[in-house]
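Okay, so here's the structure we're looking at.
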Amino acid sequence: MKSNALSRKPKASAVDGKETAIRGGYSEGENESDGPLTKLRKTLFPIYGKMEVQKFLLIGSIKFFIILALTLTRDTKDTLVVTECGAEAIAFLKIYGVLPAATAFIALYSKMASMLGKEALFYTTCIPFFVFFLVFDKSIYPHRGSLQPSLESVQQFFGGATNGGMLILAKIISNWTSALFYIFSEIYSSVSVGLLFWQFANDVVNVNQAKRFYPLFAQMSGLAPVVAGQYVVRYTSKAPDFETSLHRLTNAVSFAGVMICMFYKLARDFVERTERSDDDDGMTATKKKEKPRMSMVESAKFLASSKYLRLIATLVLGYGLSINFTEIMWKSLVKKKYPNALEYQAFMGNFSSAVGLGTCIVIFFGVHVIRILGWRIGAIATPCIMALVALPFFACIFMGLDTPATLRLAVVFGTVQSLLSKTSKYALFDPTTQMAYIPLDEESKVKGKAAIDVLGSRVGKSGGSFIQQGLVFIFGDIISAAPVVAVMFYSVLFLWFTGANQLSGLFHAQTEMDKADKLEKKRN
C-alpha cells in the first residue's frame, strides 16, 4: 500500500495557462483580490496550504541534514588528504579508490533495489555510512600509527620515490586510513543527495510542485553548510589537536544521520496518510503498470539506448569534469597558504559557510529563474557562470605564484571561482537536472537515475582525475599544467552547454506527453 501511495503524484490541471494544483487538499492560485503582502509571500514562498507546507518542510528537512553531514565529512576528508598527501592525491584517489568503489556500490544498489522495498532500501543505503564514520573516529584514526606503514618504507618499496606521481602514491599508501575516509565520504556525497533524497522527492513531488519546491529545497538546504561551516570554525578547529577535532565533527555527523532517518520516516508517513485516497483510486492501475526489475547489465544497456538519459548524463559528466579541473588546482594553492591541518580545516569551514550563504542569496534573487525564464535558462546558467568566473583564476596562475601576495590573490580568485560554481550548481543545476527525471517512467527513474547520479558523476570526476594524474606525471605538479587544464576546462563547458540545449527540447516534449497521458487516463 505504501509504495503505491508514494508513487502516485498529486493531481494537477492547467487553466488559461496558469497552474492550479491540488496542494494537499488546498487549491490556491493568484487572485486579483490578493493584497501586496500576500502577493509578496506567494512570490518568495510559493507553497500553498497547511498540508503542502508540512510536506515541503518534512522533505526539506531531510535534505538539510543530508547536506549538513555531507559538508562536515567533505571538509574532513579534504583536510585529511590534502594536508597529509597533497591536493594532487585527490586525482589518484578518485581513479584507484572512488571509481571502483562507486562501481561496486551501484551494482550492490541495483541488487538491493530488486530485493527491498523503498523504505528498507533507504535505511539500508543510509545507515552503513554513518556507522563507518563512527568506527573511523572511535577505532581507526586513534590507532592509525600502528595500522599504517611509514612513508620511508613505502618509498623504499617503490625504489626511492621522492617526487612526482610516485611520491603521491607513496603518501596515499602510508596514509591509507585517511584515503579510506575520503573514499567513503565521496560515495556518500553522491548517494546521499542523488539517491537518498532526490529518489524520494521525485516519488512524492509532481512537476507542478517541483517548479516551486525544488528551488526552495536548495534554499533551505543552503543553510546547512552555513551551520556546518561555523560549527567547524568556532568549535571543532579550536580543539587542541586534530583527533579531538575529529571527535567533535563525528558527534555532529552522527546527530545528522539520526535526523535524516527520523524525518524520512515522518515524511513518508505523512505522504501515505494524506494521499491515501489517491492510492486507493489508482492502486490497481499502478500494479498493472509496474515494470520488471532490470539487472545491472540491462540497466547499462537501457541507459545507452535512451537519448534522453544520455543527455542528462552529459550534464552530470560535464559538471563532474569541469569542477574537478579547477578544484584540485585551487586546493593545492590553499594548502600552500594553510599547511597546518587545523588552519586548513578552519579555512574550509568558512568556505563551506560562504557556499551555503551564497546559495541562499542566489536562490533568493533567482528562485523564479526556472519558473519564469524556463528550464533551459536554469540548465545553461551553471556552465556559463563557471566559464566567466574561471578567467581571472587562470589568469592569476599564468602570471606566476612567486610571492606571498600573488599566492594570496590566486587563493582569493580560486575561492570565488569555486564558490560561485558551487552556488550555481546547488541553486540551478541540481533542481533542473532532477526535474528532468520527473516525466520519465518509474523504471527509468530508479535504474537510469542510479547509474547517472552515482556512476555517471564518479566517471566524470574520475575522468578529470585520470587526466590530471597524467599531467602530474608529465609536468611534476598540477599548477605547472595549468594551460593544458584551462583548454580542457572550456572544451567540457562547451559540450555541457550544447547538451543542456538539446535536453531542453526533449524535456518539454516529454512533459507534454506525460500531461496528455494523465488527461487521457482521467477521462477513461
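- At a threshold of 4.5 Å between non-hydrogen side-chain atoms, the residues Tyr96 and Gln469 count as touching.
- For Lys335, the salt bridge (Lys or Arg N to Asp or Glu O under 4.0 Å) criterion is met by no residue, not counting sequence neighbours.
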* Going through the checks in order, is the side chain to side chain contact (heavy atoms under 4.5 Å, CB included) test met by Phe325 and Ile467? -> CA-CA 9 Å; Phe325 282 143; Ile467 294 170; 4.0 Å; yes
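- Within the 4.5 Å cutoff, side-chain heavy atoms of Trp496 are placed close to those of Leu315.
- Annotation: Phe200 is not in aromatic contact with Phe122 [ring centroid separation under 6.0 Å not met].
- Note that CZ of Phe181 and OG1 of Thr79 are 9.5 Å apart. Values are rounded to the nearest 0.5 Å.
- Closest of all the heavy-atom pairs between Ser178 and Val81 is O-CG2, 3.9 Å.
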* Start with the C-alpha distance between Leu506 and Leu311, add both sets of side-chain angles, then the distance that settles side chain to side chain contact (heavy atoms under 4.5 Å, CB included), and finish with yes or no. => CA-CA 10 Å; Leu506 293 179; Leu311 287 173; 3.5 Å; yes
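- Here the side chain of Ser504 pairs no donor or acceptor atom with the backbone of Ala500 at under 3.5 angstrom.
- Between Lys55 and Thr274, the closest side-chain pair of non-hydrogen atoms is not below 4.5 Å.
- The backbone N or O of Gly320 lies less than 3.5 Å from no partner atom in the side chain of Asn324, so there is not a single donor-acceptor pair.
- Aromatic ring centroids of Phe56 and Phe217 lie under 6.0 Å apart.
- The side-chain heavy atoms of Val258 and Phe130, taken from C-beta on, include no pair separated by under 4.5 Å.
- Smallest separation of non-hydrogen atoms from Val193 and Trp198: O-CD1, 2.9 Å.
- Contact of the Lys265 side chain with the Cys261 side chain is not registered, since no non-hydrogen atoms from C-beta on lie closer than 4.5 Å.
- In this structure, OG1 on Thr498 lies 12.5 Å from CG on Leu503, to the nearest 0.5 angstrom.
- Considering CD of Glu119 and OG1 of Thr124, their distance stands at 10.0 Å, rounded to 0.5 Å.
- Looking at Ser332, its side chain never comes within 3.5 Å of a backbone N or O of Ile328 through a donor-acceptor pair.
- With hydrogens and angles ignored, the 3.5 Å screen pairs no side-chain donor or acceptor of Tyr264 with any backbone N or O of Ile62.
- Nearest approach of Leu428 to Ala381, heavy atoms of both residues: CD1-CB, 3.5 Å.
- Aromatic rings of Phe263 and Phe64 (six-membered ring for Trp) have centroids beyond the 6.0 Å cut-off, not under it.
- At least one donor-acceptor pair closer than 3.5 Å links the side chain of Ser189 to the backbone N or O of Glu186.
- Taking OG of Ser465 as the start and CD1 of Ile95 as the end, the distance is 5.5 Å to the nearest 0.5 Å.
- Considering all non-hydrogen atoms of both residues, Gly499 and Thr314 come closest at CA-CG2, 4.4 Å.
- Partners of Lys63 under the salt bridge (Lys or Arg N to Asp or Glu O under 4.0 Å) rule, at least two apart in sequence or in another chain, do not exist in this structure.
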Side chains of residues 344-358: which donor-acceptor pairs under 3.5 Å do they make with residues two or more places apart or in other chains?
unit_1, atom_1, unit_2, atom_2, d
Gln345, OE1, Ser245, OG, 3.0
Gln345, NE2, Ser245, OG, 3.0
Ser352, OG, Arg74, NH2, 3.3
Ser352, OG, Asp75, OD1, 3.1
Ser352, OG, Asp75, OD2, 2.7
Ser352, OG, Met348, O, 3.0
Ser353, OG, Val226, O, 3.2
Ser353, OG, Gln230, N, 3.2
Ser353, OG, Gln230, NE2, 3.0
Ser353, OG, Gly349, O, 3.3

* With side chain to side chain contact (heavy atoms under 4.5 Å, CB included) as the test, would you mind laying out the steps for Ile90 and Gln468 before giving the verdict? => CA-CA 10 Å; Ile90 294 174; Gln468 291 182 87; over 6 Å; no
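- Counting only heavy atoms from C-beta outward, the side chains of Phe105 and Leu195 approach each other to under 4.5 Å.
- Between the side chain of Ser190 and the backbone N or O of Ile187 there is no donor-acceptor pair closer than 3.5 Å.
- Listed by chain and residue number, Tyr235 satisfy the ring-ring contact (aromatic ring centres under 6.0 Å, His included) test with Tyr231 (two or more places apart in sequence, or in another chain).
- The aromatic rings of Phe132 and Phe184 sit parallel, their planes meeting at an angle under 30°, below the 60° perpendicular limit.
- Side chain of Ser424 to main chain of Ser421: a donor-acceptor pair is present (N/O by atom type, distance under 3.5 Å, no hydrogens or angles).
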* side chain to side chain contact (heavy atoms under 4.5 Å, CB included) between Met51 and Phe270, intermediate numbers included -> CA-CA 9 Å; Met51 303 298 283; Phe270 177 83; 4.1 Å; yes
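- Taking OG1 of Thr326 as the reference point, atom CE of Met329 lies at 8.0 Å (rounded to 0.5 Å).
- The main-chain N or O of Val98 is never found under 3.5 Å from a side-chain atom of Tyr182 such that the two would form a donor-acceptor pair.
- For the pair Gln417 and Trp330, the minimum side-chain heavy-atom distance is 4.5 Å or more.
- Atom CG of Leu266 is separated from atom CG of Leu57 by 12.0 Å, given to the nearest 0.5 angstrom.
- Not counting sequence neighbours, Leu388 has no partner by the side-chain contact (heavy atoms from CB on, under 4.5 Å) test.
- Residues Asn202 and Tyr437 approach most closely at ND2-CB, 4.0 Å, considering heavy atoms.
- Scanning both residues, Ala179 and Leu93, for their nearest heavy atoms gives CB-CD2, 3.5 Å.
- With hydrogens and angles ignored, the 3.5 Å screen pairs a side-chain donor or acceptor of Trp375 with a backbone N or O of Thr432.
- With a 4.5 Å cut-off on side-chain heavy atoms, Tyr188 and Val253 do not count as touching.
- Taking the side-chain contact (heavy atoms from CB on, under 4.5 Å) definition, one finds that Ala256 meets it with Phe65, Leu68, Ala69, sequence neighbours left out.
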